[in-house]
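The sequence lines fix the lettering, A, B, ..., with proteins before strands; numbering per chain opens at 1.
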Number of protein chains: 2
Amino acid sequence: MKILIVEDEPKVASFLKQGLEEQSYEVTVVFDGYFAKKMAGENYYDVIILDVLIPYINGLEVAKQLRNEGIKTPILMLTALGSTDDKVVGLDAGADDYLVKPFEFKELLARLRALTKRFTDNMHEQRVIKLHDLELDLDRKVVRRGGKTIDLTAKEFGLLEYLLRNKNRVISRAEISEKVWDSSFDTSTNVIDVYINFLRKKIDKEFPTKIIHTMVGMGYIIKTED
Amino acid sequence: MKILIVEDEPKVASFLKQGLEEQSYEVTVVFDGYFAKKMAGENYYDVIILDVLIPYINGLEVAKQLRNEGIKTPILMLTALGSTDDKVVGLDAGADDYLVKPFEFKELLARLRALTKRFTDNMHEQRVIKLHDLELDLDRKVVRRGGKTIDLTAKEFGLLEYLLRNKNRVISRAEISEKVWDSSFDTSTNVIDVYINFLRKKIDKEFPTKIIHTMVGMGYIIKTED
DNA sequence: CTTCTACTATTAGTATTTTCATAATTTTTA
DNA sequence: TAAAAATTATGAAAATACTAATAGTAGAAG
């Protein structure tokens, strides 16, 4: 998540930068309106934190001009001026939110979350379960290992997903039968064994570190260490 | 522009209603969380103004539940509690903005403008969905690929739109049935398969790179790479 | 009335899942 | 420790499930 901070007071700027980086945002700081426009125009940011009182071009003007250029990055306006009129002007200039200094850092964080939420909602982050060098991609329904993409059938995928969600834990055949085949366990069949075999061929065979292990008399376990 | 106001204090409610109607918003007022959920679920609103302290289900819970249901209508949270923690909780519950009572009406208006702007801006930029050399034009309801304009029927278009909005993700027939046909999945029909076939004929057949892919036993996925 | 759309029915072909027989391995028993 | 028993692995065949493709029908739209 990339953030552009536009703030000329060094104290505030470094305080923000540090705090946000601790939350693992990628932070860029600029000190005046001129650079703010330039950076926002040339780079992509998830949010812009924009102080109103900055050199050259003030924050309101920066917001207005960015919007005119069609840049829709959410803007959180920051200022020492707390009157309603100031807020109204700021919001109408194109800001999406407005925060009055001094503010508590956790409120800033909450407002940032609110601003970026809509964005991340749409960009549904891809759901992936990882173990060692193996990736199970729940959206694309494929597995990747060592750079290679491996196709699995529906049952194979279902079985591997269940095992991965329960990695480092021995899973009995009865449990697998119930959760993956959703039926009570039937001793007269060895489908599970067969599918374990299928999985091994596809995801373990050509790799030195095996991840599927048999626990004789107990079931199977998925893990990396031997 | 339609607004839902959720506020149980009659004075505040009627003050808001009157003021907003003067600004030519269409206003609906409900007095408790139960009705709020019901109305927001069944009707379309551009913004919801949501008081925190309301009967039955409090505002925070209403916001949370609406978001869980996938309703993304901007929410402006309203409350007498002004502490930072309250704001943080409110914003994290799913609110897009937070206003502390008492507030000036023009600040409310400004924040409403900011909230609806963001929303309507998004609407306008999403008028064309692209993937590779395929364009889905939501205004003209046509598809273009390789310079050619392809006409689709309503159902074909609806299906392709849904798939494109979920590109790079395997979509099950159940999901398609629910979202495109809005009915629960019925195994006794193969409409979906047939429509996939229609789409393939129209948008994939004469092009080397296919974008509709079958994942046997799982559903369909739209993507370019093989 | 004709054309178009949404859908159903059916088929053949293919991919997947399961069963089964046998081999290999591990555990138990003597 | 060696043989027997139990458990698991594997390959191939059989059964089943799934999908593509096409033709046909009812009803809406023009």
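Residues B:Lys205 and A:Thr214 each lie close to DNA chain D; by heavy-atom proximity, the contact nearer the 5' end of the strand is made by A:Thr214.
The list of salt bridge (charged side-chain N to carboxylate O under 4.0 Å, His left out) pairs with a residue in residues 189-198 of chain B, not counting sequence neighbours, reads B:Arg173-B:Asp193.
In this structure, B:Arg200 has no salt bridge (charged side-chain N to carboxylate O under 4.0 Å, His left out) partners at least two apart in sequence or on a different chain. For A:Lys2, there are no salt bridge (charged side-chain N to carboxylate O under 4.0 Å, His left out) partners two or more places apart in sequence or in a different chain. Contacts of A:Asp186 classified as salt bridge (charged side-chain N to carboxylate O under 4.0 Å, His left out), with partners at least two apart in sequence or in another chain: none. For B:Lys37, the side-chain contact (heavy atoms from CB on, under 4.5 Å) partners at least two apart in sequence or on another chain are B:Ile57, B:Val62, B:Gln65, B:Glu69. B:Phe15 is linked by a ring-ring contact (aromatic ring centres under 6.0 Å, His included) to B:Phe105, counting only residues two or more places apart in sequence or in another chain. Not counting sequence neighbours, the partners of B:Glu9 by the salt bridge (charged side-chain N to carboxylate O under 4.0 Å, His left out) test are B:Lys101. Not counting sequence neighbours, the partners of B:Tyr195 by the ring-ring contact (aromatic ring centres under 6.0 Å, His included) test are B:Trp181, B:Phe198.
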Check: residues 18-28 of chain B side-chain donor-acceptor pairs under 3.5 Å, at least two apart:
unit_1: B:Glu21; atom_1: OE2; unit_2: B:Lys17; atom_2: NZ; d: 2.9

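Taking five base pairs at each end of the helix from C:dC1-D:dG30 to C:dA30-D:dT1, the local helix axes there meet at an angle of 30°, rounded to 10°.
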The contact string for nucleotides 14-26 of chain C, one letter per nucleotide 5' to 3', using protein heavy atoms under 4.0 Å with B, S and - for base, sugar-phosphate only and none, comes out as --SBBBBB----S
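You can see that DNA chain D meets the heavy atoms of chain B within a 4.0 Å-exclusive cut from D:dC18 to D:dT22, reading 5' to 3'.
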